[in-house]
There are 2 protein chains.
Amino acid sequence: MARATRRRERARGAEADGGGDLARKLIDAATTLIAERGPQAFSLREVARRARVSEAAPYWHFASKEALLAAVAEQGFTELAATMADVRRRVRDPRRQIQQLGVAYVGFALARPSHLRIMFGPEIADKTSHPTLRAAGARAFGLLIAAITEAQRAGYARRGNAWNLAVFAWSLVHGLSALLVDGQLRDRVRNRRDAAALASRVTKLLETGLAPR
Amino acid sequence: MARATRRRERARGAEADGGGDLARKLIDAATTLIAERGPQAFSLREVARRARVSEAAPYWHFASKEALLAAVAEQGFTELAATMADVRRRVRDPRRQIQQLGVAYVGFALARPSHLRIMFGPEIADKTSHPTLRAAGARAFGLLIAAITEAQRAGYARRGNAWNLAVFAWSLVHGLSALLVDGQLRDRVRNRRDAAALASRVTKLLETGLAPR
DNA sequence: ACCTGAACACCGTTCAAGT
DNA sequence: ACCTGAACACCGTTCAAGT
């Protein structure tokens, strides 16, 4: 059906030859457009226009609109993982580390709401068919698992299946992010300070939920 | 811009005159279409086709595609609230009640994933402009607040701001629902039994998070 | 190998016109 | 009051054709 996705790999290599590398340019334009107009208004044709190429050009580099979005989502997970790794380096107390990972997650969501939606939403229907995207997501999740395992060893988290505890923590911060981003809490939290305060309180309860009984 | 949304109110009244009441028919067709094809593929023109009217006809009853989706979302919240009210009637132990509310929430999400997305997602950009939708959402959230207040009185939940605790609980079950629906946990949870078991375990941790320390 | 131009089958929305 | 037909400005995707 398509003759695309051949040189996808090379495209991710940051060769600074000013000009070529349309794939990279398309990913950047898409990221900007999503941030500006939201995941709904996003269109492949507009991305092509911004990259100053014909509307058919993207199809040489990406099999479909979804494939381009998958590349955008993948970059999002990579950035999220980087922020999380940074938190893990900076805060060393295992209890506070988990809380701060949660705060960082919510912070990412509030800073890039549309990006988050692409990373998780139905725009990318079948995540299985984008293995590098899956891998990037797994890397971020892996950092959470590691933090929890450490907290268990330090005696701050209950023993038992670390994956279950990680899903608990992830669900909590992901849910809070979603509710905030979707405007579901708008009557009580109006600005970023409110949101940050709420994130801090909710992640405190996370600590309790994880604690040994 | 539009001459719509005049007889919206009457449209919700279930008068069983077989034939008229296009608004009702459009809402039902939209709900079915969303369930069948997902929130992405949904189109107003297809809804019109299924209701056997012209593509312009919906605009007499709904100001826009978004307004029709808002009606669909509102119905979703109403159904969710009904299920929650049912749980509150059936299980009377305050601790188990909160857990079961969570399980019911996740159950709703798994049974109607696309409906949930419309209820929370960006398809309805400005929820403030659909007051009846907001009200329906608030009703469901109110049931959770009530359950938590009761648990506090019974000494099963820590004292303090019930709204904060409710946001904690809601975030958790909403986040778990989202992760499940978006396929983010697909490598570990493959069928509904897995999902139900996970929901049960995660909501047990919810109990701990809410418990007095 | 990489891109353009033109085309196809769709959209959401509007507006005159019908009854 | 309620709906149709035709139109406008958009989409995603394909495919021949250019270099």
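Remember, it's a predicted structure, so these values are computed and weren't measured experimentally. Chain identifiers are assigned alphabetically (A, B, ...) following the order of the sequence lines, protein sequences preceding nucleic acid strands; residue numbering begins at 1 within each chain.
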> Can you tell me how far P of dA7(D) sits from OH of Y59(B), to the nearest Å?
Replying inline: 18 Å
>> I need the minimum non-hydrogen distance between L185(A) and L176(A), along with the two atoms involved.
In response: CD1-CD1, 4.2 Å
> Which heavy-atom pair separates R188(A) from D194(A) by the least distance, and what is that distance?
Replying inline: O-OD2, 3.9 Å
>> Around atom CZ of R90(A), are there more than 12 heavy atoms from other residues, nucleotides or ligands closer than 6.0 Å?
In response: yes
> For the ring pair F77(A) and F108(A), is the centre-to-centre distance below 6.0 Å?
Replying inline: no
> Among all residues two or more places apart in sequence or in another chain, which pass the side-chain hydrogen bond (donor to acceptor under 3.5 Å, both in side chains) test with Q152(B)?
Replying inline: none
>> Which nucleotide wins on minimum distance to the side chain of L22(B), given the candidates dC3(D), dA7(D), dG12(C)?
In response: dC3(D)
> Can you say whether the rings of F168(A) and F168(B) are parallel (under 30°), tilted (30 to 60°) or perpendicular (over 60°)?
Replying inline: perpendicular
> Just the dot-bracket of DNA chain C, please: which string comes out with Watson-Crick or G-U pairs under 3.5 Å, [ ] for crossing, | for another strand?
Replying inline: ||.|||||...|||||.||
>> Using 30° and 60° as the class boundaries, would you call the ring planes of Y105(A) and H174(A) parallel, tilted or perpendicular?
In response: perpendicular
> Can you tell me how far P of dT14(C) sits from CD of E55(B), to the nearest Å?
Replying inline: 13 Å
> Does any residue of residues 33-49 of chain A have a heavy atom under 4.0 Å from DNA chain C, and if so, which ones, in number order?
Replying inline: R45(A)
>> Distance check needed: dT19(C) P versus W60(B) CH2, whole Å only.
In response: 19 Å
> Is R192(B) atom CZ crowded by more than 12 heavy atoms from other residues, nucleotides or ligands, each under 6.0 Å away?
Replying inline: no
>> Can you measure H61(B) atom NE2 to dT13(C) atom C1' for me and round it to whole angstrom units?
In response: 16 Å
> Between atom CZ in F62(B) and atom C1' in dT13(C), what is the gap in whole Å?
Replying inline: 16 Å
>> Expressed as a whole number of angstroms, how long is the span from R52(A):CZ to dC3(C):P?
In response: 16 Å
> Between atom CZ in R24(A) and atom P in dC2(C), what is the gap in whole Å?
Replying inline: 17 Å
> Under 30°, 30 to 60°, or over 60°: which ring-plane class applies to F141(A) and W170(A), parallel, tilted or perpendicular?
Replying inline: tilted
>> Output the rounded distance in Å from CG (L68(B)) to P (dG12(C)).
In response: 10 Å
